[in-house]
Structure formats: C-alpha cells, structure tokens
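Order of the sequence lines fixes the chain letters, A, B, ..., with proteins taken first and strands second; residue numbering starts at 1 for each chain.
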Amino acid sequence: MRMSATLIAAASALALAAPLHAKTIAVAAGEGAQTRLQEALILAAPGDVVELGAGRFVLTDGLSLDVKGVTVRGKGMDATVLDFTGQKGAGEGLLVTSDDVTLRDFAVENTKGDGIKSKGADNVVYYRVRVTWTGGPKETNGAYGIYPVESIGVLIDGCKVSGASDAGIYVGQSKAITVRYNYVEQSVAGIEIENSRDALVTGNLVTRNTGGILVFDLPNLPVMGGGNTIIEGNLVIANDTPNFAPKGNIVAGVPRGTGVMVMANDGVLVKGNRIADNPTGQVLVVSYPKPFTDKTYNPLPRNVIIDENRFSGGGDDPQLPGGEQLKAAFGGRLPDVIWDGTGKQGPILNYRGAYLSLGIPGPEAGMAGAKPELVEPKIPVVIMFPSTEGAPKALDARARP
Amino acid sequence: MKLLAAALLLSAAALAAKPSDTLRPPVLSAAGPVVNTTLVNDAVISGSEFPARLSDFNFFTDSAASRPGIGVIAYRLNTPLWSDGADKSRFLYLPPKGQATAHGEGLLGLPVGAALIKHFTFGGKLVETRVLLHRADGWVALPYVWNAEQTEARLALAGKRIELVTPAGQAISYAVPNKNQCKDCHSQDGAVIPIGPKAYNLSPQWLAGLRSSGWIDQVPKVSRRIPLWEDRAKVKVADAARGYLDANCAHCHSPQGAASNSGLYLGWTVKDRMALGVNKRPVAAGRGAGPHEFAIVPGKPDQSILLYRMASTEGGVAMPELGRETRDPDGEAVVRAWIAGMH
C-alpha cells in the first residue's frame, strides 16, 4: 500500500505541529500555590498544558510565562480564580513573554497593576478569560485588564473584564488582531486599540464604561501609524461611568459617555454596530489634541468611515466644553456622529444623516476656536474600505479546537 | 562588609599577580585528571540542568561563598542597582581559555562558559545569590536562597519571600525573583543578557587589570564613565542622576528592554530629551502616572512621574516594578536635584 504524497505531507505536518512529548502539568489551588504554579510555568516545555484546578489560587506576587507554545487552562472563568488581592509586588498578575501561548478558562482578580500582559508574544490567544477588580470602578484599580503589546497575531475571544482604571482590553503596538465576543464593563475604556494595524473588533458588548471602543494613535512610540481597523457588529451601550482614570493618562481625557472614539489613525471602518445611549456622543472622530514634537507622527484622523450603524438615544448629556449650549442648539441631543473639525476631510458617512462638526481649526486649538456646525455629508467619490481578517486563522483553532 | 572586602582584596591580589598563568586553572592532562577541589565546575555551568545548590558550581572554595575560586574575579560597578539597601558583592567567572571581549562602551562580551555571580547581604547575612550562566544556547538566570546557618544556598526557581530588616531599619517582605522575573530585567529583544558589566560603569583600573592578566582582548574605550556613586555630591548632578537611572532603570527602559513600549529610555548614552522623559506623556503607565502628566517636568520634580514612581512603594505604581520594597532616599535626592535644576 502506498500513501499518497499529500497524506504523507499532512502526516508529517501534524507530527511537526504536535510536540512529541507534550504533557499536562496539573496545578491545584491551596497551600503553596504561588510557588507550585510559578514552578509549573517555568518548567513547562513547549506544547505543554498547565492545567489549573478549580478553586481560588491565593497569590502574593505576579506570575510569568516565558515558554513558547504553552497552554494555561483553568476549569472555567468562574471556577478557577487567580486571586491577587494580597499582591505585594510585580507590575501585573500574569506576564507572558513567549510566542504561541494560549490562555483560557480562568480568572484573574484584583491585581495591583495590569491583569494579564503579553509583551512581544506573537500569536497569543485569550479565550474565555475573566479579569475583574471586584470593588467596582476605582482609581486604585490596575490599569489594563487584558494587555497584549508589541505582538503580531492576537486573538481575544469570549473574555470578560470589569473595573480597569484604564482599558479593559487594550491592544497596543500590534498587528493582525481580533477582539471578539467579549464583555467589558465599568472600565475607563472598554476596548482600546492603540498604535496598531489590521484589527477586527467585532461582536463585543461594551457597556457602563467611560468610553466604549477607542481607536487611538499616539506620538513618540516605537510603533506608530495605526489604522486599517474594523469596528463591526458590536453593542456599544450606555457607556456612562464617570472617568476614574488617573489624571496623567491619555484616557483621562475621554469624556464620560463616549460610544466609539477614533483619534488620529488612517482607515477605520465603523459598521453595523448597535450604538445606544452614550450620553456625550455616540461616535467621536478627533485628532490628537496635545502638543508633540515627533515629526513622523500624523495627529489627524484620515479615512474614517461611519457606515450603517443602528443608533438610538445618546448625546443628551455631553461632557464637552460648551456641551449644554450645543445640546440646546440641536434640540436637546447632539447628532450621533461628532467630528472635531480637524483634518482635510471629515469622517466619511456612508449613511443618511448629518454630523456635527465642532469646527476646531487645528489639533491643538481646543474648543476655544470652535465653530460648530451641522454638516450634510457629501456623496463620497471613492472609498477605500479597510479590509482585514484580524488574527491569523490558526489562532481560531486554539480557541475552539 | 568584611566578606566583600576580603573578596576584593583576594581578587585584587590575583589581578596584580603576573604572569597571567597564576590565574589560569591547570589544564587537565589526558593522562589523568588533576584533582583540585577549587576548580569551578564548568560542566555544570554549560550543562542544561538547573543545579539545586550554589555549591554545585564550585565558584567558591568555602561553604560561606566568600573565597572566590580560580577564574572567579570580584568586581564592582561605579553606580550599582539599589535593592533595599542590600550589600552586594559581584564576581565574574571566566572559564579556562575563555576571554572577555571589548565591545565599545557597553556590555563586555563574555564567552560561553562564563558566569556572573552576585551575593545579596543584609546585616552581614547572605540572603540570596543570583547567578547568570552563559550556555551555548544563551544566558540562564538562576536565584539561590541561603539557609539560616549560612552554609548552603538552594535554588529557588519560583522565587521566594523572605522577612528581613533593611539597613534603614525597615521590616520588609523581601522578594527573591523567580527565574522568569530575572529575565524581566535581564532581557534584550527577548533574550537573557547580563546588565551590570558595561564598560562605562566599570573602573578603568579593573579593566586594565583584566587586560594585563589576559582575561580580556583589549581595554574597552570609554568616552564618559558613570561616576562612582559615593562621589555623587562631588560630580555634576546630571551625571550622578543619569548614572543612577542607567543602573536602576535602563535595563527595562531601553528600546530592546521590557519597557520598550513606553518610549521612555533612560540609558547613560541616551541623548534625546523626549526619550529621557522631558515633557513626555505616559503611554501605558496606568495609575502609575498618579496626578501627573509628564515623566519629567523641568524644574518641577514634584510634578514629574519619574520621581513620583521612585518614591512609591505601592504595587502598580512603584518603579522599578521588581526588587524594591522600600524607598531609596539617596537615589531620590539626586534625581530630584537633577530635575529641579533642569530647564
């Protein structure tokens, strides 16, 4: 009998994909959890599964994983809890610095700094992970819940974050990103895509944050030029928690009650979302408002396309300078789409309706120079829609084998 | 201190001695091994295991690890990393026939088989010893914790918390880093590397001694050295502060370090004022920024995030993130004076 060449190729591909001696290392909650769990994370070999038992792991220090291709799996986001309430040191609960890691089915609570950070960790999967600060929104909560940075290939799927004093889910300086089916509440920013490209943010519920979904590009960073991002099919509902970010943070400037906010960036499509009851503005398109010296940085929003979305409510309690007068001028409610007026061209509206231009002459002018007006959208001549499939397809298989 | 002094003396004597053969271990002859218990165990350094005890390396000739073995050379940094006031003693091990190489002002090139050893002592008692081993596939960092009897240090892969009192009299829960946390600081583009032995933070005399004994190919050329920490009141405050920031921050805050995404780079040779934090806004500092908007506000240390985080001991705010439970008043003072005088 002869095997076909294809079959042989497939078989050897399989053999290569699955390490020969992959093993499962079980770690139970209870006495000595800090040492036992950290040792497991150090001694794991590529391909191994570190399996966390049900229960509460009481931890005093941040954990870290630096082995490629390891899966850390719990018994479910409510059953397995890494409890950092008594954390003494380290900047985050769990730090991942190796590629091809899968984190799934466990929770991280009350870290002093960020919840879970993966840095320079390509092809990372977060699936059904929960990060919670149990005391509700507080300035003393850690900054980011789920925090991949400087990575190519990021999938965040089915996760739940609550109480982050910066962004619940923050993806920074990365590429090929999918953020889908997550639930983020009571954080300053629900989901933030920053200085990143090729991001697909879809099917998420973001509610009761200060701002729902933010797409930012900031100056003076190793990776800039964010864009080609799609925000599609999300529920962006009643993000009305007062901003509790420490003053120095960039998100401290996000007005309470922002639905979707696009700052700087090139190529952002906002499409098919349900955007409701965000009291400042349902969609804000703005430039980076602060002084900068970085000559390679473009502070203006470009090619921002607001396609069909379902809007309702919102804009009825704007936290913008002069917001009350604006509101009165527009009959008690601001238009759904607000542009600060900077850049050559406003957002391209691919739906019937006018948007509010604040008529700010330049990025750093502020509201002092504002000349608000209602702008009827021109029929766009050519639209280059952002197009991306987000994270590589291979990552799907790790979330849903 | 006695221990440190002894070690320094010993290696100073060894360095002064000529010819270099006196420092070199005897070569094992094919006829039969020369039994010498003071030989460093090269097989353990370059193997793939994580030795359970510090003594497995034979870096020292006594169980208290105070007398360096052959090829183990004591050194100091002009300005060191501050670790809750711990007394530290540092050693470089070079294998037989191994030689360090000069690479400009930065890190010395160290051959495979080399090791760096650092003792941490509080109140005259050894608490931990960290070793960095240069293996064929890269550097490996391992922490060893000393027993109460001071006779043995055992590997603590997952780190450990130790209750102790600092020289300033503060009772702290001292954190021995786990193996991965070693890498948090000892990392460049994801690979483990040494931090300390950069030519610009080493004494020219020590480097000259290394050269004359044949342990290094040439003396590295250094245009500007970090000043000695004990001379901080005598030198330009900017030099003292920049030296301190290099030794305490720049291993992460560099374009290749763990804090690369911050855009804040604090190395000795950095010239870009924005990268150094002057009027630079934080990126992902979270609540670490406190009420402040810029890393450094010239002339205003109390409005500068840099000093705010140095002066905090709270997780999520305190910098460095690892290895500091208490405040360093001397370090804060130089950084404060530097920012205050800046315009």
Side-chain angles (χ1 to χ4, degrees), chain A residues 34-43 60-67 84 87-92 95 97-98 111-114 119-120 139-144 147 149-150 164-167 170 172-173 194-195 218-223 245-250 252 290-294, chain B residues 50 156-161 172-175 177-184 187 189-190 192 252 255 258-265 272-275 279-295 303 305 308 313-325:
Chain A
Q34 178 80 43
T35 306
R36 289 185 289 109
L37 177 48
Q38 184 57 65
E39 274 180 358
L41 295 173
I42 289 170
L43 296 172
T60 56
D61 286 274
L63 300 166
S64 54
L65 172 62
D66 189 38
V67 183
F84 289 93
Q87 186 178 8
K88 292 174 181 165
E92 54 279 307
L95 174 67
T97 47
S98 46
T111 53
K112 293 289 183 279
D114 306 313
K119 180 170 183 290
E139 190 180 334
T140 51
N141 291 351
Y144 301 128
Y147 176 15
V149 64
E150 289 184 349
S165 70
D166 200 308
Y170 170 99
Q173 302 177 44
E194 191 170 278
N195 293 54
L218 306 179
N220 296 117
L221 290 179
V223 180
K247 188 182 153 201
N249 289 24
I250 189 74
K290 311 213 162 162
F292 65 93
T293 51
D294 191 334
Chain B
F50 303 151
L157 265 191
K160 193 177 164 88
R161 286 221 166 241
I172 60 168
S173 172
Y174 175 88
N178 70 52
K179 179 175 171 288
N180 288 351
Q181 289 172 326
C182 296
K183 187 179 166 184
D184 283 359
S187 148
D189 291 332
V192 174
C252 291
S260 59
N261 61 304
S262 68
L264 179 69
Y265 305 139
D272 178 354
R273 274 167 65 90
M274 177 68 77
N279 295 319
K280 181 188 176 303
R281 292 177 188 281
V283 179
R287 68 199 182 90
H292 308 306
E293 291 190 64
F294 301 99
Q303 293 174 26
I305 297 169
Y308 174 77
T313 54
E314 197 187 337
V317 178
M319 282 284 161
E321 285 181 342
L322 298 173
R324 183 174 71 79
E325 305 288 328

At what distance, to the nearest 0.5 angstrom, does [atom1] of [X] lie from [atom2] of [Y]?
X: B/Gln181; Y: A/Ile42; atom1: CD; atom2: CD1; result: 8.5 Å
X: B/Met274; Y: A/Thr293; atom1: CE; atom2: OG1; result: 3.0 Å
X: B/Arg161; Y: A/Thr35; atom1: CZ; atom2: OG1; result: 11.0 Å
X: A/Leu221; Y: B/Arg281; atom1: CG; atom2: CZ; result: 13.0 Å

Atom group of [X] that falls short of 4.5 Å from chain A, counting heavy atoms:
X: B/Ser173; result: side chain
X: B/Lys183; result: side chain
X: B/Thr313; result: neither
X: B/Phe294; result: neither
X: B/Tyr265; result: side chain

Please report the closest heavy-atom contact between [X] and [Y], naming both atoms and the distance.
X: B/Gly290; Y: A/Pro246; value: O-CB, 3.5 Å
X: A/Glu39; Y: B/Ala158; value: CG-CB, 3.5 Å
X: B/Lys280; Y: A/Asn220; value: CE-O, 4.4 Å
X: B/Val283; Y: A/Glu194; value: CG1-OE2, 3.8 Å
X: B/Ser260; Y: A/Pro222; value: O-CG, 3.2 Å

Inset, instruction - Check B/Arg287, B/Glu314, B/Glu321 against A/Lys112 for a side-chain contact (heavy atoms from CB on, under 4.5 Å) and give me the one that passes. - result: B/Arg287

Legend entry - B/Asn180: which of A/Thr97, A/Leu63, A/Asp66, A/Leu95 passes side-chain contact (heavy atoms from CB on, under 4.5 Å): A/Asp66

Inset, instruction - Check the side chains of B/Asn178 and A/Gln38 for a donor-acceptor pair under 3.5 angstrom, ignoring hydrogens and angles. - result: yes

Is [X] in contact with chain B via its backbone, its side chain, both, or neither, using a 4.5 Å heavy-atom distance?
X: A/Gln173; answer: side chain
X: A/Phe292; answer: neither
X: A/Asn141; answer: backbone

Legend entry - Those residues that, when tested against B/Asp184, pass side chain to side chain donor-acceptor pair (under 3.5 Å) (two or more places apart): none

Inset, instruction - Against chain A, work out which of B/Ala258, B/Gly288, B/Gly263 has the most heavy-atom pairs shorter than 4.5 Å and name it. - result: B/Ala258

Inset, instruction - Heavy atoms only, distances under 4.5 angstrom: which of A/Leu218, A/Asp114, A/Thr140 has the most pairs with chain B? Name it, please. - result: A/Thr140

